[in-house]
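Each chain gets a letter, A, B and so on, in the order the sequences are listed, and its residues count up from 1. This one's a predicted model, so the numbers in the text were calculated from it and none came from an experiment.
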Amino acid sequence: MSKGKKLGREVAIVGSGMSKFGVFPEMTTRDLFVEAYKDMTHSVDKGFDPEDIEATYISNFSSDIFEGQCHTAPIMADWVGQIPKPATRIENACASGGITLRQGLIAIASGVCDVVLVGGTEKMTNLPTENVTDALAAAGDTLYEVNCGLTFPGLYATMATAHMHKYGTKPESLMRVGIKNHENGALNPKGQFNVSIAALMKSKQEKALNKGTPVPEWEDELAFMKDNAANPVIAWPLRLFDCSPVSDGAGCILLAAGEIARNFTDNPIYIIGTGQGSDHALPERKDLTSLTAVKVAAKQAYEMADVTPDEIDIAEVHDCFTIAEILAIEDLGFFPAGKGPKAIDEGLTRRDGSKPVNASGGLKSKGHPIGASGIGQVVEIWNQLRGEAGPRQVQNVRVGLTHNVGTTGGSGVVHIYERRN
Amino acid sequence: MSKGKKLGREVAIVGSGMSKFGVFPEMTTRDLFVEAYKDMTHSVDKGFDPEDIEATYISNFSSDIFEGQCHTAPIMADWVGQIPKPATRIENACASGGITLRQGLIAIASGVCDVVLVGGTEKMTNLPTENVTDALAAAGDTLYEVNCGLTFPGLYATMATAHMHKYGTKPESLMRVGIKNHENGALNPKGQFNVSIAALMKSKQEKALNKGTPVPEWEDELAFMKDNAANPVIAWPLRLFDCSPVSDGAGCILLAAGEIARNFTDNPIYIIGTGQGSDHALPERKDLTSLTAVKVAAKQAYEMADVTPDEIDIAEVHDCFTIAEILAIEDLGFFPAGKGPKAIDEGLTRRDGSKPVNASGGLKSKGHPIGASGIGQVVEIWNQLRGEAGPRQVQNVRVGLTHNVGTTGGSGVVHIYERRN
Amino acid sequence: MSKESFTSAEFYKYLKNEKFMGTCCNECQEVYLPPRPICIKCSSFDMSWTELSGKGKLVSFTSITVGPSFMSEAGFDRKNPYCVGIVALKEGPQVSGQILGVNSKEPETIKIGIPLSLKIMEHGQGNNKKTWLGFNKEE
Amino acid sequence: MSKESFTSAEFYKYLKNEKFMGTCCNECQEVYLPPRPICIKCSSFDMSWTELSGKGKLVSFTSITVGPSFMSEAGFDRKNPYCVGIVALKEGPQVSGQILGVNSKEPETIKIGIPLSLKIMEHGQGNNKKTWLGFNKEE
Ligand SMILES: [Zn+2]
Ligand SMILES: [Zn+2]
């Protein structure tokens, strides 16, 4: 995409919803999507007629592997009453959600549709953990990248090691990402973990007390994070609390052409920038401390939106692992390369900081149902920009950003949003 | 999509290529796609700079299941040198190819891109047949449709039975679809089967003669098709030669905005109509003798192109099973409902008939590498409309159509093309 | 509005207890199987479970010689094909199911329109147990 | 132009015969592993296979306690983690591989930049046999 390219038409979000993210043994991708769709319908201020929707785009990583079900999009469309209209599935690993939003946006910009339903859904928790590890590895290059025993935590761990080596980054900064995101997530009732690390420590102590087992003691949250028993290493230097969980969940967005957006709400959220990039598998990249696909996507999105990183009031970034959030805030230009950890240490990305990141709790605390994760980010930005984020509302936010990554940066997609009321 | 909607910009095909379709034990999805990409580059009359391509859209049904590989699009883009530009995978079962073309078209129409690479690739033959049967079933609704033991041949067989019941259709008409498509496919060096049924009969007789086993005798091709030994039943009334094969293969298309198409060739093929529809799983449909998703898609495409079915000079339709070709020529309005078999019996869809269908040999003879099949159809129409189809060239063709179906009609997608030279 | 969940898990739980359930729209009374959680006729979210009689008629069918793994394991093959069909239930919905009591080896003898009644089918043990719909030809 | 095929099948066939091969662009001489069939530097299709020394340096690494199934089967777990890293080969390409001869239980002791040399790894039998790249720490 060359500089200065604009969409053929303006596009706005006019509704947004999500299922609870978590572990739901009795729910399938379609059950989760129905929950998200219903939630979305309640968010459309002036209501809408399902007949208005002209196409459905569905993000799904691999119901193929998780449920033995392909052709996911028409099934989701069917379950919410969108037959016989077009329904299309997009798969770009963990970036599926953001890239699906982008296809919905492009469909409206093209003039082919005026109103588009964008959804994401994933059902992961019915597979045993080792099979999930194998399924996730299928997102890496199975011929040349992950076949030597690299897992996804392992791939991100090599980026963490490289960042530590190049910039002197300490594991404590990674831990502080997790602590912050759990603190935010404790305020998000739709999230998988509704608990801060401090509260979790307390509950573990109470449990031990009740059981009569030795009561663990930690000086502070960092001490808990460094405790091998409480927070074991998965792929050094990444520990359990550096990794997002395995989750079930779905999200749903209603998009409308700019000129009709106010038929649905007096407070639409405009998508003013979009960008997408790709990259080689991790080993071939000459710099392991930055994601080219994200930089490319961000540049496109910033140029289209005509805003600078400094003008972003709030962002949801792809923290599949804590190191990913550090790379994100550097690659997005919020902080200079190598200075991400310092920003985290100083609390700049907290809800009350100068650059609030992952007010929702991020994938770390909210959960990471792969195909739904990128859609969940959009739901949070919609709520935040409209001032409807409840106890976790960030003040004075007008311009928001979502950052969604596939694999280790094999896909990157960035969107920028604006409230105009 | 409401009536009379037009694309924001005109889009043309300026290059097109495919790998050989067939059984290639040592090739992966990416190897096949590279072969198709190289073939495409040779087809661009004035050449092109790979730098011109701004995005890649990849059709793939389930390398997840077939190869344990997801995130297919960026890998394909990487292997042909398209990093760090956007690469997006589309999955709609067997309709993935046509729907991916549509997304590429929409991306250009939106103004986001001027030049887009559209590819499709599938590697199926390394799995044992029973696993392929299970993998294909994953495209059906696994909870309510195929879980009772319905296979894909079985689902199409119920449509055949319904057509026979409603219109008195005879198995001989189905057989004639296969005979015609193998006759066409015998002239297609890129196809999986390069042999007419007549030639196949001769070769079977010669083999028996050489081996000293009893030499089979058949009065004509229909007799061969009715022979349970030569052509066993798979799902009554469908026999082996009513079913497309399991295949490996890839296709590749280069799309450009109308205003720059002649930078690449003096003979671009314009895409003048696009349509897509969806449907419930088969059991819920009140009419089993027609595909609503196809009718919806065809209506959109015809209206956008402003042409009637009578004006289509040549069509590639989705003959995953012979009955599917009969439904196709009725649903597309080439012949009235129930009159498809008569048209077949009279030879109207042969290369020298009034409405040539599947001059390439169709999926039946050319092969059906799922994600590539819909792209292969476009390659044929490009060759035919440009007069470059060699010995199988159909005379005086200016307007072409492709018809691509996912599952039993859960997805349908139709495109209309025009030569302007 | 009902807080019940209209999921496949519920449907198969009912089926395990020999209850053949669909959903019914409380607004327009349309009956669905698969059990839809949203009415696709009137867009209502207000649904209820409703028991179905299991009686119906054969709409279309096939006789399968090459089946999926679980049917091969259940003993079906070229020499012993099984019949599957689309069944229109008395209450309106159409479903797919195995058709029993017909001559799968001579599919030409099977007649569209024959009356059928539900027989719940099972195969395998424990976690590998599969349950699906079968229909007996009514005499 | 060469008619050779630059596929993973060829790469692993070479590897089975203890040949560690990449591809080289005949136009611009860029060397690739994975063995690319198209030069992504100059867009040429004119490539050749070229043998690599297997010598390189450690660019980054991790020590994995929770591995994929085949590594669990090979005996690795929480108590016996394995080291995997990114290796920059002498000829230019960077690849991932298992790192041997380092203390995986004390990853803090592993140093980026250490010299490495190829050791081809295998696990399993027959059709389940897996082959992957390992690198020994050079003394
Ligand atoms: Zn209703
Ligand atoms: Zn070169």
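Ranked by heavy-atom pairs under 4.5 Å with chain B, the first of A/V413, A/V115, A/N92 is A/N92. If you tally non-hydrogen atom pairs under 4.5 Å between each of A/I99, A/T407, A/V296 and chain B, the highest count goes to A/T407. Interface summary for chain A: among B/A107, B/G8, B/A109, the most heavy-atom pairs under 4.5 angstrom belong to B/A109. When the candidates B/S96, B/A281, B/A93 are compared by the number of heavy-atom contacts under 4.5 Å with chain A, B/A93 comes out ahead. Contact tally against chain B (heavy-atom pairs below 4.5 Å) for A/C94, A/S62, A/A293, A/A55: the top residue is A/S62. With chain B as partner, the option from A/K295, A/R9, A/Q103 having the largest number of non-hydrogen pairs under 4.5 angstrom is A/Q103. Among the candidates A/I65, A/L7, A/T88, the residue making the largest number of heavy-atom pairs closer than 4.5 Å to chain B is A/T88. Ranking A/D279, A/V146, A/I106 against chain B, the residue ahead of the rest is A/I106, based on heavy-atom pairs under 4.5 Å. In terms of non-hydrogen atom pairs under 4.5 Å with chain A, the most contact-rich of B/G111, B/A95, B/G412 is B/G111. Across B/I75, B/T292, B/L143, the residue that shares the most heavy-atom pairs under 4.5 angstrom with chain A is B/L143.
Ring geometry for B/Y144 against A/W79 counts as parallel: the plane angle stays under 30°, on a 0 to 90° scale with 60° as the upper cut.
In the model, B/S63 has a side-chain atom that pairs as donor or acceptor with a side-chain atom of B/T72 under 3.5 Å.
Residues A/Q82 and A/I53 have side chains in contact (heavy-atom distance under 4.5 Å, counting atoms from C-beta outward). No side-chain heavy atom of A/S278 sits less than 4.5 Å from a side-chain heavy atom of B/D78.
With a 4.5 angstrom heavy-atom cutoff, A/I90 touches chain B via backbone and side-chain atoms both. In this structure, chain A has no heavy atom under 4.5 Å from any part of B/A77. For B/Y57, the part sitting under 4.5 Å from any heavy atom of chain A is the side chain, from C-beta outward, and nothing else.
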Audit row: B/L332, B/V414, side-chain contact (heavy atoms from CB on, under 4.5 Å) steps and yes/no: CA-CA 9 Å; B/L332 290 168; B/V414 171; 4.0 Å; yes

A/I108 and A/E10: CA distance, side-chain angles, deciding distance, side-chain contact (heavy atoms from CB on, under 4.5 Å) verdict: CA-CA 8 Å; A/I108 294 179; A/E10 206 162 55; over 6 Å; no

Is there a salt bridge (Lys or Arg N to Asp or Glu O under 4.0 Å) between B/E67 and B/K123 once you walk through the steps? CA-CA 8 Å; B/E67 293 186 319; B/K123 167 68 198 178; over 6 Å; no

For B/H318 and B/S373, what are the C-alpha separation, side-chain angles and deciding distance, and is it a side-chain hydrogen bond (donor to acceptor under 3.5 Å, both in side chains)? CA-CA 8 Å; B/H318 195 87; B/S373 300; over 6 Å; no

Test side-chain contact (heavy atoms from CB on, under 4.5 Å) applied to B/L101 and B/H415, step by step: CA-CA 9 Å; B/L101 176 72; B/H415 284 96; 3.6 Å; yes

Can B/M27 and B/D248 be said to form a side-chain contact (heavy atoms from CB on, under 4.5 Å), step by step? CA-CA 8 Å; B/M27 290 181 86; B/D248 307 325; over 6 Å; no

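B/S290 approaches B/D331 most closely through the heavy-atom pair OG-OD1, 2.7 Å.
Note that CZ of A/F61 is 7.0 Å distant from CG of B/D64, once rounded to the nearest 0.5 Å.
Near-neighbour residues of residues 131-140 of chain A relative to chain B, defined by a heavy atom under 4.5 Å from a heavy atom of that chain, comprise A/A138, A/A139, A/G140.
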